[in-house]
Amino acid sequence: MQELLADFAERRDWGRFHTPKNLAMALAGEAGELAAEFQWLTPEEAAEVMAEPGKAGAVRSEMADVLSYLLRLADVLDVDVEAALREKVDLNEERFPVPEAAVGEGLRSD
């Protein structure tokens with residue numbers, strides 16, 4: 001996916017615009033647009049958002065935008081996102097052991 005996006009950007013000479021700052025800002029903006037698709041929905045409506053074709057298409061499109069900017073940022077910064085994710089999950093395994101996470105932080109009865 002990163003190669004696809006890098007090729008797309010290169011053929012358009014967008015590399016000069018794809019600085020880490022610009023990509024991070026674009027990523028934040030697109031995450032906001034994704035969040036806007038859920039704004040004011042009840043939890044039940046949000047859970048069913050993909051059942052309505054128009055709304056589903058908008059959510060998929062915004063998710064693709066978020067992923068695109070994240071992958072471009074990773075490419076520009078030479079970050080292996082798969083390795084970064086695995087490292088983060090390992091860290092969270094230590095921070096949130098299963099028995100504690102299952103009960104809920106701060107809600108244990110002992």
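Note that the structure is a prediction, hence the values are computed from the model and not measured. The figures that follow rest on heavy atoms only: side chains count, while hydrogens, waters and symmetry mates do not.
Among pairs with a residue in residues 17-30, none fulfils salt bridge (Lys or Arg N to Asp or Glu O under 4.0 Å), at least two apart in sequence or across chains. Residue pairs satisfying the salt bridge (Lys or Arg N to Asp or Glu O under 4.0 Å) criterion with at least one member in residues 56-66, sequence neighbours excluded, are absent. Every pair passing salt bridge (Lys or Arg N to Asp or Glu O under 4.0 Å) that includes a residue from residues 31-53 is listed here, sequence neighbours excluded: Glu37-Lys55.
Contact between Ala84 and Val79 at its shortest, heavy atoms only, is CB-CG1, 4.3 Å. Scanning both residues, Ala6 and Asp75, for their nearest heavy atoms gives CB-OD2, 3.5 Å. Taking all atoms of both residues into account, the shortest heavy-atom contact from Val66 to Leu27 is O-CD1, 3.3 Å.
Remark: Glu3 CD is loosely packed, at most 12 non-hydrogen atoms of other residues, nucleotides or ligands lying under 6.0 Å away. Around CE of Met63, the count of heavy atoms belonging to other residues, nucleotides or ligands within 6.0 Å does not exceed 12.
Under the ring pair (Phe, Tyr, Trp, His ring centres under 6.0 Å) criterion, Phe17 pairs with no residue, sequence neighbours left out. With sequence neighbours left out, the side-chain contact (heavy atoms from CB on, under 4.5 Å) criterion links Arg16 to Asp13. Evaluation of the side-chain contact (heavy atoms from CB on, under 4.5 Å) rule for Leu5 yields Ser68, Leu71, Arg72 as partners, not counting sequence neighbours. Under the side-chain contact (heavy atoms from CB on, under 4.5 Å) criterion, Ala26 pairs with Tyr69, not counting sequence neighbours. By the side-chain hydrogen bond (donor to acceptor under 3.5 Å, both in side chains) test, Asp7 pairs with Arg11, sequence neighbours left out. Residues passing the side-chain hydrogen bond (donor to acceptor under 3.5 Å, both in side chains) test with Arg86, sequence neighbours excluded: Glu82. Residues satisfying the side-chain contact (heavy atoms from CB on, under 4.5 Å) test with Leu91, not counting sequence neighbours, are Lys88, Arg95.
With side-chain heavy atoms closer than 4.5 Å counting as contact, directly or through intermediates, Trp40 stands alone and belongs to no larger hydrophobic cluster. Membership of the apolar cluster around Leu85 extends to Val89, as traced through chained side-chain contacts below 4.5 Å between ILVMFWY residues.
Under the 4.5 Å side-chain heavy-atom criterion for Ile, Leu, Val, Met, Phe, Trp and Tyr, Met50 and Leu41 are members of the same hydrophobic cluster. Taken together through direct or relayed side-chain contacts under 4.5 Å among Ile, Leu, Val, Met, Phe, Trp and Tyr, Met25 and Leu23 form parts of separate hydrophobic clusters.
Put simply, the side chain of Leu67 reaches to within 4.5 Å of the side chain of Met1, judged on heavy atoms.
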